[in-house]
Amino acid sequence: KVFPLIRRFAKEDDREKLRQFLRIKAQEHSGKVKAFSEKAESLRANTEEWHFYRRKAREEQIIYNQCMKNLKLLEGRKE
């Protein structure tokens with residue numbers, strides 16, 4: 001609900017800074033998803049450590065998806 005206001009009232013350079021921030025955060029979380037998933041794959045399934053890394057990968061995936069959704073909203077695109 002805040003992105004229509006940002007698109008309408010924020011200066012272009014502020015919107016670009018927010019875009020860059022969201023892109024960087026998306027890249028970071030994408031890398032973490034990959035790292036946690038690879039670590040989980042290297043472990044024996046259904047162990048406590050395996051569950052830990054799978055959970056961390058899912059958490060990072062959720063944050064990545066939120067960043068991407070916010071980028072689309074900032075650019076004024078519907079999903």
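Computed over heavy atoms, backbone and side chain alike; hydrogens, waters and symmetry mates excluded.
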Path from M68 to F21 over hydrophobic side-chain contacts below 4.5 Å: yes
Partners passing side chain to side chain contact (heavy atoms under 4.5 Å, CB included) against Q61 (at least two apart in sequence or in another chain): V33, Y64, N65
CZ-NZ distance between F3 and K69, expressed to the nearest 0.5 angstrom: 9.5 Å
Distance in Å, Q66 CD paired with L71 CG, rounded so as to fall on 0.5 Å steps: 12.5 Å
Interatomic distance, I24 atom CD1 to C67 atom SG [nearest 0.5 angstrom]: 11.0 Å
Qualifying residues under salt bridge (Lys or Arg N to Asp or Glu O under 4.0 Å), relative to E48, sequence neighbours excluded: none
4.5 Å side-chain heavy-atom contact, R23 and Q27: no
E75 vs R19 side-chain heavy atoms within contact, under 4.5 Å: yes
Cluster check V2, L18: I/L/V/M/F/W/Y, side chain < 4.5 angstrom: yes
Interatomic distance, I6 atom CD1 to R15 atom CZ [nearest 0.5 angstrom]: 9.5 Å
Residues which pass side-chain hydrogen bond (donor to acceptor under 3.5 Å, both in side chains) with E28, listed by chain and number, not counting sequence neighbours: K25
Apart from F52 itself, residues in the same hydrophobic cluster as defined by side-chain heavy atoms under 4.5 Å: F36, L43, W50, Y53
Validation row: F9, D14 side chains within 4.5 angstrom (heavy atoms): no
Pair listing, salt bridge (Lys or Arg N to Asp or Glu O under 4.0 Å) test, anchored in residues 29-38, at least two apart: none
E12 bridged to K17 by N-O distance under 4.0 Å: no
Side chain to side chain contact (heavy atoms under 4.5 Å, CB included) against R58, all qualifying residues, sequence neighbours excluded: R54, R55
